[in-house]
Amino acid sequence: YPPALYPTRTAFLKYKSVEQNMAYCRFGKVGGDEPTDCEEPSGNSTLGKYNVEVLPECVCTPGTWCADTLLLSSIGSVAVPMFGRIAVGTLLERYGAVNVQCGL
């Protein structure tokens, strides 16, 4: 979702950069834990209420393809070594270490 088209998306409103310690909402959020928008600038500020520059390419929240990719990567990084160890262990039991190493 491009921030310019969907500036009040909940994932954007809740976002805060860990490295820069900057939030998407420059002047605070309206709505507390379930924000609906960012606070309007107070006084004579020339900055807009949305800080689009702080957003990364993908804001990972539950239900987005970015979060799904991270989840599948985590599952794959555990499942593939487990399968490999089971397969190699079975081959070692059946054919012996020397024959398996020659085959690999």
Side-chain angles (χ1 to χ4, degrees):
Y1 295 94
L5 296 177
Y6 304 96
T8 58
R9 191 162 182 252
T10 306
F12 296 155
L13 296 175
K14 289 183 174 183
Y15 183 80
K16 183 175 183 179
S17 172
V18 176
E19 294 140 3
Q20 301 170 352
N21 200 21
M22 296 174 64
Y24 173 71
C25 294
R26 284 191 170 116
F27 304 102
K29 298 178 274 193
V30 175
D33 290 339
E34 293 298 323
T36 55
D37 201 358
C38 293
E39 293 278 347
E40 294 292 333
S42 57
N44 56 359
S45 176
T46 58
L47 298 172
K49 62 182 178 178
Y50 305 116
N51 189 4
V52 179
E53 295 81 25
V54 77
L55 293 175
E57 283 187 33
C58 177
V59 178
C60 295
T61 57
T64 61
W65 63 269
C66 181
D68 292 343
T69 301
L70 292 174
L71 175 67
L72 293 176
S73 299
S74 298
I75 292 171
S77 68
V78 172
V80 171
M82 285 175 55
F83 175 75
R85 287 177 185 224
I86 291 169
V88 170
T90 304
L91 291 173
L92 285 170
E93 288 284 331
R94 183 171 292 177
Y95 301 110
V98 174
N99 292 330
V100 171
Q101 286 181 350
C102 288
L104 292 177

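Both backbone and side-chain heavy atoms feed into the values below; hydrogens, waters and symmetry mates do not. Everything numeric in this text was worked out from a predicted model, so none of it was measured. Nothing fancy with the numbering, it's 1 onward along the sequence.
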Mind checking what makes ring-ring contact (aromatic ring centres under 6.0 Å, His included) contact with Tyr50, not counting sequence neighbours?
Tyr24
Distance col, row Phe27:CZ vs Asn51:CG, nearest 0.5 angstrom, shows 9.5 Å
Under the disulfide bond (SG atoms under 2.5 Å apart) definition, can you give me all pairs with a residue in residues 72-104, not counting sequence neighbours?
none
Atom CD of Glu40 and atom SG of Cys25: how far apart are they, to the nearest 0.5 Å?
10.5 Å
Do Lys14 and Glu34 meet the salt-bridge criterion of a basic N to acidic O distance under 4.0 Å?
yes
Please say yes or no: joined through hydrophobic side-chain contacts below 4.5 Å, possibly via intermediate residues, are Leu104 and Tyr95 part of one cluster?
yes
Closest non-hydrogen contact found for Lys49 with Glu39 is CB-O, 3.2 Å
Please tell me whether Leu13 and Leu5 are part of a single hydrophobic cluster in this structure, the criterion being side-chain heavy atoms less than 4.5 Å apart.
yes
Taking atom OG1 of Thr10 and atom CG of Asp37, what is their separation to the nearest 0.5 Å?
10.5 Å
Do you know the tightest heavy-atom contact between Gly76 and Pro81?
O-CD, 4.1 Å
